[in-house]
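Input: a single structure, listed below in structure tokens.
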2 protein chains.
Amino acid sequence: MTKAETVTAATTARADFIEKIGVIAQSEGLPRIAGRVMAMLLYDGERVSFGQLADALQVSRGSVSSSVRMLESQQLIKRVAKPGDRQDYFQVVDHAFANMVEAAATRVRRAATDIEESLREIPASETGPRARVADYAAYYRAMGEGLDTTAEALRKSR
Amino acid sequence: MTKAETVTAATTARADFIEKIGVIAQSEGLPRIAGRVMAMLLYDGERVSFGQLADALQVSRGSVSSSVRMLESQQLIKRVAKPGDRQDYFQVVDHAFANMVEAAATRVRRAATDIEESLREIPASETGPRARVADYAAYYRAMGEGLDTTAEALRKSR
DNA sequence: TAGTGTGTTCAGTCAAAATTGAACACGTTG
DNA sequence: CAACGTGTTCAATTTTGACTGAACACACTA
């Protein structure tokens, strides 16, 4: 490959990656744009400005705003300053992946709590339903613990 | 509580449970009706007919059809016969929860494969992006393994 | 102070997904 | 065979949520 070809290959690989993560995010129930923002920050590594995000991803500033806020709230990215530029910049936080798993664990635990609440409403005489609903809650608890274990493992590596 | 009160409490507890699981299913990106079907089968334990599902959940037969087909395809419920009744009956399969986790593991592994495919497209000269994308793929692999461990644990218990 | 750059908000638009209900295919029953 | 019961399919509808873009608030700058 000539140098020019390598540059082209890199650009299309980057674009493909960003789009692919957008689709994956969507399939996981997240907004597509949030996935693409995360992908761009991940790929580029260095801080990226608010304007660059809107520009490169071809989306409205409103969408960038809501996406970065969601990603910030999930502790996946952080807002940083660049001296001499009034724009906000963003970059992926350390242990972002561990935080993703942690967030999933939290959601699962919330579901477990909800189900346990239902369980308490079932009269003691209903032994069959009670046992089955309890199993269901236990399943969510097991999921939560498994996710926590994974999160911890990810946090330790690197 | 009188006996009548207990019966009432049981009925509303059942209805609440079914609705709650419907909402949880929805929040996990599954059709709400599928969640309610699963909940009803889970709560009742014994086989439930196609007609009872449509009737009790107040949904069209078309919805019941697509929901049970989805749940069957994910190995969460099975279609069984009841002698003397032409209707199809359904009940939760053994290890349904383990199968749920297994399905999640499969989805995650598919994502990992997708990302690894992207990784292969990035020129070797792009060491930074390559390292970060590889980390991302490794995260999905770790998730897959964690989920498999959880699935196995669930399968062993009971 | 007026003007410009920046991010947020929110009402409106749009697209995707869920849900319905009617047409249909197939088996059973009288 | 005709009538009915049963589950599936699919076009139409409804609902949900993402996304846009304009109005806005705020801070900086000339």
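Order of the sequence lines fixes the chain letters, A, B, ..., with proteins taken first and strands second; residue numbering starts at 1 for each chain. Here the structure is a predicted model, which is why all the values come from computation and not from measurement.
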Item to check | Residues in contact with DNA chain C, drawn from residues 21-29 of chain B - heavy-atom cutoff 4.0 Å | outcome: none
Next on the checklist: With the threshold set at under 4.0 Å for non-hydrogen atoms, list the residues of residues 39-61 of chain A touching DNA chain C in residue-number order.
Outcome noted: A:F50, A:R61
Can you run down the salt bridge (charged side-chain N to carboxylate O under 4.0 Å, His left out) pairs that involve [range], sequence neighbours left out, and say none if there aren't any?
range	answer
residues 117-128 of chain B	A:K20-B:E117
residues 71-84 of chain A	A:E72-A:R79, A:R79-A:D88
residues 89-113 of chain B	B:E102-B:R155, B:R109-B:D148

Next on the checklist: According to ring pair (Phe, Tyr, Trp, His ring centres under 6.0 Å), who are the partners of A:Y89, at least two apart in sequence or on a separate chain?
Outcome noted: none
Next on the checklist: Going by the rule ring pair (Phe, Tyr, Trp, His ring centres under 6.0 Å), which residues pair with B:F50 if we only count those two or more places apart in sequence or in a different chain?
Outcome noted: none
Next on the checklist: How close do B:A98 and B:A151 get, counting heavy atoms only, and between which atoms?
Outcome noted: CB-O, 3.7 Å
Checklist outcome for this item: Here the residues of residues 66-93 of chain A within 4.0 Å heavy-atom distance, strictly under, of DNA chain D are A:R86
Checklist entry - Got a sec, which pairs hit side-chain hydrogen bond (donor to acceptor under 3.5 Å, both in side chains) with one end in residues 21-31 of chain A, sequence neighbours left out? => result A:E28-B:Y140
Checklist entry - Taking OP1 and OP2 of C:dG7, is either one under 4.0 Å from a side-chain nitrogen or oxygen of A:S65? => result no
Taking distance alone, no hydrogens or angles, what donor-acceptor pairs closer than 3.5 Å link side-chain atoms of residues 62-69 of chain B to residues at least two apart or in another chain?
unit_1, atom_1, unit_2, atom_2, d
B:S63, OG, B:S60, OG, 3.3
B:S66, OG, B:S63, O, 3.2
B:S67, OG, B:S63, O, 2.9

Result block: side-chain N/O donor-acceptor pairs under 3.5 angstrom for residues 39-49 of chain B, not counting sequence neighbours:
unit_1, atom_1, unit_2, atom_2, d
B:D44, OD1, B:R14, NE, 2.9
B:D44, OD2, B:R14, NH2, 3.0
B:R47, NH1, B:A81, O, 3.3
B:S49, OG, B:Q52, N, 3.0
B:S49, OG, B:Q52, OE1, 3.4
B:S49, OG, B:Q87, OE1, 3.3

Checklist outcome for this item: Across all chains, not counting sequence neighbours, the side-chain contact (heavy atoms from CB on, under 4.5 Å) partners of A:E19 are A:R32, A:R36
